[in-house]
**Student:** 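First the structure, which I've put down as structure tokens, then a few questions once you've had a look.
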Amino acid sequence: MTEPIDDIVFTSKYPATSIQDGEQTKYVEPQAIPEGLEEPKEPKGKFAFFKSPRFYLILLIGQILALCITGSNTFSGLLSEQGTSIPAFQTFFNYVLLNLVYTSYTIYKYGFKKWGRMLVKDGWRYIIFAFLDVEGNYFVVLAYRYTTILSAQLINFWAIVIVVIVSFTFLHVRYSYYQITGILVCCGGLGLLLTIDGLNGSPLGGVLPTEVKGDLFMLLGATFYGFSNIFEEFLVSKKPLYEVVGQIGFWGMLINGAQAGIFDRSSFKSATWNSKVGWYMTGYTLSLFIFYTVVPILLRMASAAFFNISLLTANFWGVVIGVRVFGYTIQRFYPAAFVLIIVGLIIYFAFQPELGEAEKPWLGENQEDGVAGVGTAKKAIKPTDVERAGA
């Protein structure tokens, strides 16, 4: 007679389930996994996030956005060279394109009735968000009339300050010493760039004297940008991307169009209009369209603070592109400053858990108040148990 074998240990992370068979209930054990053959786990420890592919993807996305900003700034410079500087009208076509693409897709997904109910319920939030974004764009473009690009780069410092303070105060975000150190290292890299520019003359070719008016416009624009970034991070954590981007396009088009009609009439009449201006406007619009499409993904995977410090490298990329377009020269310490900013970004994320800043404190312990979509922690935590509300 064969003795039963009962000393082999199997493990399973799933509970037993029961099924009905006539009048009897049978308990069915799930497929057991021998010890030592468990499914591989995510990396853990102090450098868990640093070891994950998600970290390097976030770094890459941040630099793509910095290049988009560099592209829009380059086309703005080319438009100014042609004698065309229309702050509100210049960004109008970007909002039109965003509205056409993403509002149309939102209506396709929701239907007109649900889309209308969304406007009634959440329209006021999107109006505030769009207003902050439109005014940020307006005052930044306007500032370039009065100040040099060297002075304008200070926008990055103030926007970061606004984002950190607002996130800490209203969204209960808590920053570690490592994150604060990373932010300071990044700002040190930009400070090195500004020092080089100040000692050698701005390589970005600024010829206008720095005036207080331009600095105040830039400071105001940075303030609007900081609040806009925080608002967008909050919205995309709770709503589908296509809804948020579609709404900024919809309301931004209306607000920006009205503002252009009021304030840009004289500039519109005196502007130069030719084929080059048309191409530059097209390039500017496409750069911003890509930028507005990708930003929500980074805000889900990281945060508004990381987004803003990532854009510090835009100054470096501006010089690299300017070598070809405007004949700029790269000073020998520019690559060092760029590396310093990248090192700061690595320090910022090096000691964070597996999901980094994707886990938002205002969404609950298990992110139950958030949407499950591209880049969200909720999708990563429970990819099969949550309702997929959309991308």
**Student:** Students often mix this up, so state it plainly: with edges at 30° and 60°, are the rings of Tyr95 and Tyr292 parallel, tilted or perpendicular?
**Tutor:** perpendicular

**Student:** Using a 3.5 Å distance criterion without hydrogens, assess whether the side chain of Thr106 forms a donor-acceptor pair with backbone atoms of Tyr242.
**Tutor:** yes

**Student:** Closer than 4.0 angstrom, basic N to acidic O: yes or no for Asp369 and Lys360?
**Tutor:** no

**Student:** Relative to the ring of Phe291, is the ring of Phe307 parallel (under 30°), tilted (30 to 60°) or perpendicular (over 60°)?
**Tutor:** tilted

**Student:** Any salt bridge between Arg300 and Glu233, counting N to O under 4.0 Å?
**Tutor:** no

**Student:** Specify whether Tyr280 and Phe75 have parallel, tilted or perpendicular ring planes, treating 30° as the upper limit for parallel and 60° as the lower limit for perpendicular.
**Tutor:** tilted

**Student:** Less than 3.5 Å apart, any donor N or O on the side chain of Glu243 or Tyr102 sitting next to an acceptor on the other?
**Tutor:** no

**Student:** For Phe224, is there any backbone N or O sitting under 3.5 Å from a side-chain donor or acceptor partner on Ser228?
**Tutor:** no

**Student:** Give the intermediate values and the outcome of side-chain contact (heavy atoms from CB on, under 4.5 Å) for residues Asn94 and Leu97.
**Tutor:** CA-CA 5 Å; Asn94 170 56; Leu97 186 58; 5.6 Å; no

**Student:** Would you say the side chain of Thr376 lies within less than 4.5 Å of the side chain of Ser237, judging by non-hydrogen atoms?
**Tutor:** no

**Student:** Is there a donor in the side chain of Tyr225 and an acceptor in the side chain of Asn137, or the other way round, less than 3.5 Å apart?
**Tutor:** yes

**Student:** Distance-only, no hydrogens or angles: does the Ser72 side chain make a donor-acceptor pair with backbone N or O of Ile69 under 3.5 Å?
**Tutor:** yes

**Student:** Under 30°, 30 to 60°, or over 60°: which ring-plane class applies to Phe231 and Phe129, parallel, tilted or perpendicular?
**Tutor:** tilted

**Student:** Go through the structure and list residues passing ring pair (Phe, Tyr, Trp, His ring centres under 6.0 Å) with Phe250, not counting sequence neighbours.
**Tutor:** Trp115

**Student:** Can you tell me how far apart CG (Leu241) and CG (Leu235) are? Round to the nearest 0.5 Å.
**Tutor:** 11.5 Å

**Student:** Do any N or O atoms from the side chain of Glu232 and from the backbone of Leu299 form a donor-acceptor pair under 3.5 angstrom?
**Tutor:** no

